[in-house]
Amino acid sequence: KIAVVYRQFFPAAQQVISPKFRIGQLLASGLTRSESKTLWYLLDTLARPFHQGQFSLEQFRFQNQMLTITLVSQNFAALETLQLALQHAKVKVTQLDTSTQEHQVVAILELSLGASQ
């Protein structure tokens with residue numbers, strides 16, 4: 001499991017070398033101003049539809065100017081409404097995976113800024 005996450009952060013690495021140190025070093029380096037601006041814009045845009053209570057955020061990861069989120073939605077219609085709202089706000093939405101679990105929809109979405117942002 002560590003190796004999978006390690007390869008996501010360091011795709012060019014030939015082998016897993018001290019993952020705790022390498023990831024700690026990456027986190028300590030902080031985000032650049034551009035990355036920080038992108039992250040906060042995506043989070044702010046994403047937060048607006050969440051006020052309606054139709055979604056719960058299970059996990060998110062920000063890397064390479066992209067925010068990957070795992071969310072649980074009440075139904076497919078609510079998920080589509082969320083995607084349209086994000087696209088209207090000039091956020092590029094890529095649906096990586098969608099499945100149903102116990103009468104809910106679990107989706108993994110990749111969010112990034114559109115070319116105009």
Side-chain angles (χ1 to χ4, degrees):
K1 200 171 185 180
I2 291 173
V4 171
V5 173
Y6 187 87
R7 297 221 190 286
Q8 289 175 344
F9 279 94
F10 307 103
Q14 297 296 318
Q15 56 186 331
V16 178
I17 300 173
S18 186
K20 183 177 178 180
F21 174 75
R22 291 276 312 263
I23 292 174
Q25 198 175 34
L26 181 65
L27 291 172
S29 69
L31 298 174
T32 66
R33 175 172 251 185
S34 173
E35 289 171 327
S36 180
K37 183 178 177 183
T38 300
L39 173 62
W40 288 113
Y41 180 82
L42 291 172
L43 287 175
D44 181 55
T45 305
L46 181 62
R48 293 178 194 149
F50 271 75
H51 291 293
Q52 299 167 355
Q54 295 180 344
F55 310 97
S56 65
L57 187 61
E58 299 293 312
Q59 175 181 331
F60 76 90
R61 180 181 318 189
F62 182 74
Q63 183 179 3
N64 298 328
Q65 301 281 32
M66 287 193 236
L67 182 64
T68 305
I69 62 169
T70 302
L71 61 89
V72 177
S73 172
Q74 294 176 349
N75 52 49
F76 284 102
L79 177 62
E80 184 176 358
T81 300
L82 171 67
Q83 289 178 303
L84 291 173
L86 292 170
Q87 290 168 350
H88 187 276
K90 307 290 188 238
V91 173
K92 180 181 175 196
V93 180
T94 304
Q95 195 173 98
L96 301 179
D97 188 37
T98 306
S99 62
T100 56
Q101 279 183 343
E102 300 176 12
H103 307 292
Q104 295 181 319
V105 177
V106 178
I108 301 174
L109 304 177
E110 187 174 79
L111 311 176
S112 60
L113 292 183
S116 65
Q117 285 293 327

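We use all heavy atoms of the structure for the numbers below, so side chains are in, but hydrogens, waters and symmetry mates are not.
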For a quick test of your reading: what N or O donor-acceptor pairs under 3.5 Å do the side chains of residues 104-112 make, sequence neighbours left out?
none

Expected list for residues 66-73: side-chain donor-acceptor pairs under 3.5 angstrom, two or more places apart:
unit_1, atom_1, unit_2, atom_2, d
Ser73, OG, Asn75, N, 3.4
Ser73, OG, Asn75, O, 2.9

Legend entry - ILVMFWY network linking Phe76 to Leu84, side-chain heavy atoms under 4.5 angstrom: no
Legend entry - Rounded distance [0.5 Å steps], OH in Tyr41 versus CG in Leu113: 7.0 Å
Inset, instruction - Group every Ile, Leu, Val, Met, Phe, Trp and Tyr by side-chain heavy-atom contacts under 4.5 Å, then state whether Trp40 and Phe60 land in the same group. - result: yes
Inset, instruction - Check whether Val93 and Leu96 end up in the same hydrophobic cluster, where Ile, Leu, Val, Met, Phe, Trp and Tyr are linked by side-chain heavy atoms less than 4.5 Å apart. - result: no
Legend entry - same_hphob_cluster(Leu43, Phe55) at 4.5 Å side-chain heavy-atom cutoff: yes
Inset, instruction - Please name the pair of heavy atoms, one in Leu42 and one in Gln65, separated by the smallest distance, quoted to 0.1 Å. - result: CD1-O, 4.5 Å
Legend entry - Spatial distance of atom NE2 (His103) from atom CD (Gln74) [nearest 0.5 Å]: 14.0 Å
Legend entry - Interatomic distance, Glu80 atom CD to Thr98 atom OG1 [nearest 0.5 angstrom]: 11.5 Å
